[in-house]
Amino acid sequence: MSLKHDKSDNLFARAMNVIPGGIYGHVAPVAGLPMHLPKYIQEASGCRFIDVDGNEWIDFMCGFGAILHGYSNPEIDNFANVQRNKGSVFNQPSPVMVELAESLTSKIDFADWAVFAKNGSDLTTWAIRVAREYTQRPFVVKAKGAYHGVDAWCDPGFGGRIDDDRSKILEFPWNDLDYLKSLLKTYSKQVSAIILTPYHHAAFAPSIMPAEGFWSEIEKECQKNGIILILDDVRVGGRLNDGGSHRYFNFTPDLSIYSKALGNGYTISACTGKKFLMNASKEVFLTGSCWNDAVAMSAALKSLEISHRDQVAESIKNKGEYFCKGLCARAKKYNLPLFMTGPSSMPYPWFEGDENLFRIQKFCKIAAGKGLYFHPHHNWFISNSHSIVDLDLALDLADEAMCELIQIENS
Ligand SMILES: Cc1ncc(COP(=O)(O)O)c(C=O)c1O
């Protein structure tokens with residue numbers, strides 16, 4: 001199947017005149033998004049979308065994780081529309097903000113309060129400032145290669161940065177507790193926070209789960225050294241446990257941040273925290289022009305309700321297992337050493353020995369020609385709108401793609 005892309009290319013050419021880079025960030029062609037994937041999308045429903053050239057795709061990226069209950073979910077859209085008809089941004093917050101904070105603090109076991117913003121980055125950065133305010137210490141520890149957002153203390157780019165931006169950021173390799181402990185010894189009583197994702201989901205590399213005892217050791221070190229433990233649950237939140245990923249891994253952070261799946265595509269993020277951090281959090285200024293957006297808050301309220309009611313984390317885990325097992329079985333048929341790393345509902349595909357990523361890139365490119373949106377160097381996402389019929393169709397198309405891959409490699 002050859003995909004049409006004239007309209008996409010035309011739009012991109014127009015964009016190059018009026019938008020720096022045409023498309024920026026991790027979805028910029030070449031920089032992050034492979035060229036064979038569409039540049040512009042027209043509409044989406046469930047787990048499928050149609051690009052501007054009319055090509056239909058079965059999606060395995062879910063808006064890079066923002067979609068948990070399927071695109072254009074009617075239950076969420078209808079609920080949000082009730083608020084949309086009343087208005088979205090006012091001079092003051094609307095009642096739904098209180099309802100959403102109550103909903104989050106009742107679902108997230110350690111949380112006594114919640115604040116809201118628009119993006120994950122807004123609140124990962126705010127959270128480390130809360131930790132600094134509380135502890136009156138400058139340093140922050142993070143895992144090497146972990147993404148926490150676009151701000152200068154953590155973004156993966158180099159542009160516009162000065163050395164000072166990261167002079168108080170320390171890094172340790174994920175799971176390397178000896179390294180972490182030696183860092184904490186060196187910087188004794190100067191570390192305000194350790195910020196970590198629930199497991200290591202770096203781009204361009206297989207996902208790494210926490211080693212046995214990792215989280216309990218992290219908790220112990222934080223308690224021993226008076227350090228605030230911040231869970232960056234922006235990407236994973238709601239996908240492993242509707243009460244937060246710490247419940248899945250059995251630990252308790254002091255602060256946790258959510259965004260992607262929280263509003264099912266409506267723009268919202270949240271930080272929740274323990275009571276002892278309430279005063280410090282009041283001291284760190286927090287606002288944004290449209291952050292009181294009642295429509296997004298309504299969508300989040302409904303989205304949380306659905307996650308709990310339909311046991312969505314369990315459901316996507318089962319769907320993910322079905323899909324990952326199916327994909328690996330088909331790979332085996334062709335002697336392709338495929339491993340689906342990380343949790344089954346957000347797997348990162350890895351061909352053993354494919355350090356330069358050429359094989360996975362080739363496979364994803366062939367799959368794209370069949371209408372499968374597979375990303376070669378970012379974890380994929382399964383939503384609760386992926387049905388077994390969708391997954392079986394995707395597996396059959398992936399099988400064809402693997403067959404072609406082997407033919408090309410052997411020719
Ligand atoms: C783990 C993690 N933290 C923070 C962010 C930043 O979130 P946002 O892009 O909404 O600013 C992301 C985004 O991908 C993320 O995956």
Side-chain angles (χ1 to χ4, degrees), residues 23-28 31-33 60-68 115-131 140-157 166 169 171 174 193-210 215 218 229-241 244-246 248-249 253 255-272 286 288-291 293 296-297 299-300 303 341-343 345-348 375 377-383:
I23 300 174
Y24 39 77
H26 66 299
V27 293
L33 197 71
F60 285 87
M61 288 309 290
C62 296
F64 283 79
I67 304 298
L68 176 61
V115 296
F116 304 101
K118 280 288 166 198
N119 294 292
S121 310
D122 301 332
L123 293 176
T124 50
T125 296
W126 182 78
I128 66 169
R129 291 182 60 201
V130 170
V140 171
V141 177
K142 68 184 276 290
K144 211 174 169 56
Y147 183 66
H148 297 293
V150 294
D151 291 326
W153 67 271
C154 61
D155 86 314
R166 295 198 183 178
I169 305 296
E171 294 191 318
W174 179 267
I194 299 180
I195 181 166
L196 293 170
T197 53
Y199 69 94
H200 195 49
H201 47 60
F204 300 99
S207 294
I208 311 173
M209 299 304 266
W215 277 115
I218 294 285
L229 177 53
I230 305 176
L231 174 65
D232 176 352
D233 218 355
V234 168
R235 191 180 308 183
V236 188
R239 288 195 141 85
L240 295 181
N241 187 306
S245 305
H246 63 285
Y248 186 85
F249 291 112
L255 294 167
S256 62
I257 302 116
Y258 307 92
S259 183
K260 287 182 181 286
L262 179 60
N264 202 57
Y266 288 77
T267 323
I268 186 161
S269 56
C271 178
T272 66
L286 180 67
S289 299
C290 295
W291 286 11
D293 175 1
M297 289 181 184
S303 182
T341 69
S345 56
M346 35 191 310
Y348 182 99
H375 202 295
H377 40 72
H378 190 289
N379 72 271
W380 303 353
F381 295 90
I382 309 286
S383 78

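Counting starts at 1 for both ligands and their atoms, following the listed order.
Using a non-hydrogen distance threshold of 4.0 Å, Thr197 registers as a contact of ligand 1. The shortest heavy-atom distance from His26 to ligand 1 is not under 4.0 Å.
Ring planes of His377 and Phe204: parallel class, angle under 30° (limits at 30 and 60°).
When hydrogens are left out, the protein atom nearest atom 9 (O) of ligand 1 is Ser121 OG, 4.4 Å; that is the closest non-hydrogen contact. The shortest contact between atom 8 (P) of ligand 1 and any protein heavy atom is with Gly120 N, 3.4 Å. If you check which protein heavy atom lies closest to atom 3 (N) of ligand 1, you get Asp232 OD2, 2.6 Å.
Contact annotation for Tyr147 and ligand 1: heavy atoms of both the backbone and the side chain come within less than 4.0 Å of the ligand. At a heavy-atom distance under 4.0 Å, only side-chain atoms of Val234, from C-beta outward, approach ligand 1.
Short contacts between ligand 1 and Gly149, defined as distances under 4.0 Å to a heavy atom of the residue, involve ligand atoms 4 (C), 6 (C). The distance from ligand 1 to the heavy atoms of Lys260 drops below 4.0 Å at these ligand atoms: 13 (C), 14 (O), 16 (O). Using a 4.0 Å cut-off to heavy atoms of Arg235, the atoms of ligand 1 that qualify are 16 (O).
When every heavy atom of Leu262 is checked against every heavy atom of Ala270, the shortest pair comes out as CD2-CB, 3.7 Å.
When the options Ile218, Val141, Leu231, Asp232 are evaluated for a side-chain contact (heavy atoms from CB on, under 4.5 Å) with Leu196, the one that passes is Ile218.
Counting non-hydrogen atoms of neighbouring residues, nucleotides and ligands closer than 6.0 angstrom, the CZ atom of Arg166 exceeds 12 such neighbours.
A heavy-atom distance below 4.5 Å is not found between the side chains of Asp293 and Thr267. Using a 4.5 Å heavy-atom threshold, the side chains of Thr124 and Trp153 count as touching.
A salt bridge does not link Arg239 to Asp233: none of the charged nitrogens lies less than 4.0 Å from a carboxylate oxygen.
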